[in-house]
Amino acid sequence: MAPSDEKKDIIIIGGGIVGCTSAYFLTHHPSYDASKHRITLLEATKIAGGASGKAGGLLALWAYPSSIVPLSYRLHKQLADEHDGVERWGYRAVHCGQVDCKGRHLQSEKDTDTVANKTGEMDGDNETAKKRRVSLEKRDARALGELRAAGVPSDLDWVDADCLRVYDEMGDPSTTAQVHPYHFTTAMAELAAAKGADMRVGAAVKDIQYSDDGKSVTGITYHDRNSGEKVQLPATDIIISAGPWTRSVYPDAPISALRAHSVTIRPSREVSAYALFTQIKLPAGFGLEPPQAAKKGRSSTGSIVSPEIYARPKNEVYACGEGDREVPLPQYSDLVEVDEVRCQEIVDQVGSISDELRDGEVTARQACYLPNVSASGSGGPLIGETGVKGLLMAAGHTCWGIQNGPGTGKLISEFVFDGRATSAKIQGLDPRLVL
């Protein structure tokens, strides 16, 4: 009997981007038959409650690993075309660049206006004082020439002209795009549910059941966080896509967790579509921090920082900072601890090079955990068979989970219904290499 002809009870553990795209592609596989294939996704907190709802959403043909990136990048475009992704989850092509900048002390536009007025009254020349303000909309010929020499595109006008030193193009709209991660992930869940997938939120998986010989899966047990009940479900196929929580259901998985903080800002005006990897030299005395930050040894005075900044549609900018392992992974994604000091550092750092971000409104301060493969011998995330019949793994996508989610989901659907991956050659991602 061919794999696609069998009756199947398919369990997906995890409601992040990989779990939701797996549900989507399983329900859209040519062999899927709702009358004999039951697909149940189990999520402990909420759909996109972890990194899949708080990531940057950058898509790139130059991402990694190369074995899956082209497939996944292409699928992003196909999904957007088929399901109105431009409007539904903010899909669009963007420029991406690496910029070297010199940060400024933070001073709002209102503050500089006050200084200019007072100085003008004192020296009789208000224009002299106003020159202290850098206006991106009034770049003089000298500034424009310097920017062109540094390779800065003319429409990248929301990074301060006097701050920019070098712009290196990493990707253009033919190789780089973006989505809003939360909207994309929840849309995939909704589309899968519309085709018959059972999406159970509040279902915390506790155990995987195996046959007596341990060679195949037979079911799972989960705790219903809403009712308090213990529920058992039969399973012929189980996909572990729990991101950094993979080890909680499969302890042998070499998946570690890295905490990442980010913010979203509504800039003071609409900004052009750029994703920026920055290197910012902060001025001496920048951002004097509260005592609790100093105690943790995180003074940013005179340091070089590297926040990433992604402009999004509908007047939103996302920015994230460096990861940390100061706080262990909590039991559930709704228990993730947010360090307000780290979030403010990101706000201050990006505001040091952009008036639009400095004078914008911070709309979210958040943290999540990224899943990393902590074992040698693997070239990226772990996608495929584990050595136990019916048990598949799709985890360890690092910061490229949104980019590689669709490709992973499609490959998982092929493992389940075709018995093997057919859309890409992913031998280097085989979980059995490290399990």
Hey, is Asp160 close enough to Arg358 for a salt bridge, meaning N to O under 4.0 Å? no
Donor-acceptor pair, Trp245 side chain versus Pro330 backbone, under 3.5 Å? yes
One pair to check against side-chain contact (heavy atoms from CB on, under 4.5 Å): Ile239 and Ile11. What are the steps and the verdict? CA-CA 6 Å; Ile239 297 106; Ile11 304 291; over 6 Å; no
Salt bridge Lys8-Glu6, side-chain N to carboxylate O under 4.0 Å: yes
Residues Glu43, Thr45; criterion side-chain hydrogen bond (donor to acceptor under 3.5 Å, both in side chains); working and verdict: CA-CA 6 Å; Glu43 165 54 42; Thr45 58; 2.8 Å; yes
To the closest 0.5 Å, what do you measure between CG (Leu42) and CE (Met199)? 9.5 Å
Looking only at atom types and distance, does a side-chain atom of Asp224 sit under 3.5 Å from a main-chain N or O of Ala204, one as donor and one as acceptor? no
With a 3.5 Å distance limit and no angle check, can you tell me whether Ser272 reaches the backbone of Asp155 through a side-chain donor-acceptor pair? yes
With a 4.5 Å cut-off on side-chain heavy atoms, are Leu71 and Tyr73 touching? no
Spatial distance of atom CD1 (Ile208) from atom CD1 (Ile13) [nearest 0.5 Å]: 4.5 Å
Heavy-atom side-chain proximity of Tyr210 to Ser216 below 4.5 angstrom: no
Quick one, Arg269 with Asp157, criterion salt bridge (Lys or Arg N to Asp or Glu O under 4.0 Å). Give me CA distance, side-chain angles, the key distance, then yes/no. CA-CA 11 Å; Arg269 67 173 177 88; Asp157 60 354; 3.2 Å; yes
Give, for atom CG of Leu75 and atom CD1 of Ile68, the distance between the pair rounded to the nearest 0.5 Å. 9.0 Å
Non-hydrogen side-chain atoms of Pro267 and Trp158 separated by less than 4.5 Å: no
Is Asp418 salt-bridged to Arg420, cutoff N-O under 4.0 Å? no
Restricting to side chain to side chain donor-acceptor pair (under 3.5 Å), what partner residues turn up for Ser66, sequence neighbours left out? none
Determine whether more than 12 heavy atoms belonging to other residues, nucleotides or ligands lie under 6.0 Å from atom OH of Tyr182. no
For Gln178 and Arg312, which I'm curious about, is there any donor-acceptor pair between the side chains at under 3.5 Å? no
Is there a donor-acceptor pair under 3.5 Å between the side chain of Thr264 and the backbone N or O of Ala364? yes
Above 12 or not: heavy atoms from other molecules or residues under 6.0 Å from CD of Gln78? yes
Modelled atom types, side-chain donor and acceptor of Asn372 and Ser374, under 3.5 Å: no
Do Arg266 and Glu316 sit within salt-bridge range, that is, some charged N less than 4.0 Å from a carboxylate O? no
Side chain to side chain donor-acceptor pair (under 3.5 Å): which pairs involve residues 17-28, sequence neighbours left out? Tyr24-His83
Walk me through it: do Ile39 and Ile12 pass the test side-chain contact (heavy atoms from CB on, under 4.5 Å)? CA-CA 8 Å; Ile39 299 172; Ile12 302 169; 4.0 Å; yes
With sequence neighbours excluded, tell me which residues meet salt bridge (Lys or Arg N to Asp or Glu O under 4.0 Å) with Lys425. none
Any cation-pi pair here, Arg225 with Tyr332, using under 6.0 Å and within 45°? yes
Do the charged groups of Arg259 and Glu322 touch, with an N to O distance under 4.0 Å? no
Whether the side chain of Glu385 engages the backbone of Leu392 through a donor-acceptor N/O pair (distance < 3.5 Å, no angle test) should be reported. no
I need the Ile10 CD1 to Leu26 CG distance, nearest 0.5 Å. 5.0 Å
Between Asp162 and Arg104 (salt bridge meaning N to carboxylate O under 4.0 Å), is one present in this structure? no
Pairing residues for Arg88 by the side chain to side chain contact (heavy atoms under 4.5 Å, CB included) criterion, not counting sequence neighbours: Ala187, Glu190, Leu191
Tell me if a side-chain donor or acceptor on Gln366 pairs with a main-chain N or O of Gly53 at a distance below 3.5 Å. no
Set out, in order, the CA-CA distance, both residues' side-chain angles and the distance that settles ring-ring contact (aromatic ring centres under 6.0 Å, His included) for His180 and Tyr318, then state yes or no. CA-CA 10 Å; His180 190 294; Tyr318 171 94; 8.8 Å; no
Could you tell me whether the side chain of Ser52 and the main chain of Ile17 form a donor-acceptor pair under 3.5 Å? yes
Which is it for Tyr369 and Leu258 under the side-chain contact (heavy atoms from CB on, under 4.5 Å) test, yes or no, and what are the steps along the way? CA-CA 5 Å; Tyr369 284 81; Leu258 178 71; 6.0 Å; no
Test side chain to side chain contact (heavy atoms under 4.5 Å, CB included) applied to Val338 - qualifying residues, sequence neighbours left out: His261, Glu340, Cys343, Ala367
ring-ring contact (aromatic ring centres under 6.0 Å, His included) evaluation trace for Phe184 with His76: CA-CA 10 Å; Phe184 179 59; His76 267 291; 5.0 Å; yes
Validation row: Ile220, Gln232 side chains within 4.5 angstrom (heavy atoms): no
Could you walk me through whether Leu429 and Leu382 satisfy the side-chain contact (heavy atoms from CB on, under 4.5 Å) test, starting with their C-alpha distance in whole Å, then the side-chain angles of each, then the deciding distance to 0.1 Å, before giving a yes or no? CA-CA 5 Å; Leu429 309 183; Leu382 305 180; over 6 Å; no
Considering residues, nucleotides and ligands other than Asn226, do more than 12 of their heavy atoms fall under 6.0 Å from its CG? yes
Does Lys54 reach the main-chain N or O of Gly49 with its side chain, forming a donor-acceptor pair under 3.5 Å? yes
Go through the structure and list residues passing side chain to side chain contact (heavy atoms under 4.5 Å, CB included) with Pro307, not counting sequence neighbours. Thr278, Ile280, Val305, Gln349, Val350
Report the distance from atom NZ of Lys281 to atom SG of Cys101, rounding to the nearest 0.5 Å. 13.0 Å
Just by modelled atom types, is the Ser35 backbone N or O under 3.5 Å from a matching donor or acceptor in the Asp33 side chain? yes
Check the orientation of Phe277 and Trp62. Use parallel for under 30°, tilted for 30 to 60°, and perpendicular for over 60°. perpendicular
State whether the side chain of Ser72 and the backbone N or O of Gly407 hold a donor-acceptor pair below 3.5 Å, judged by distance alone. yes
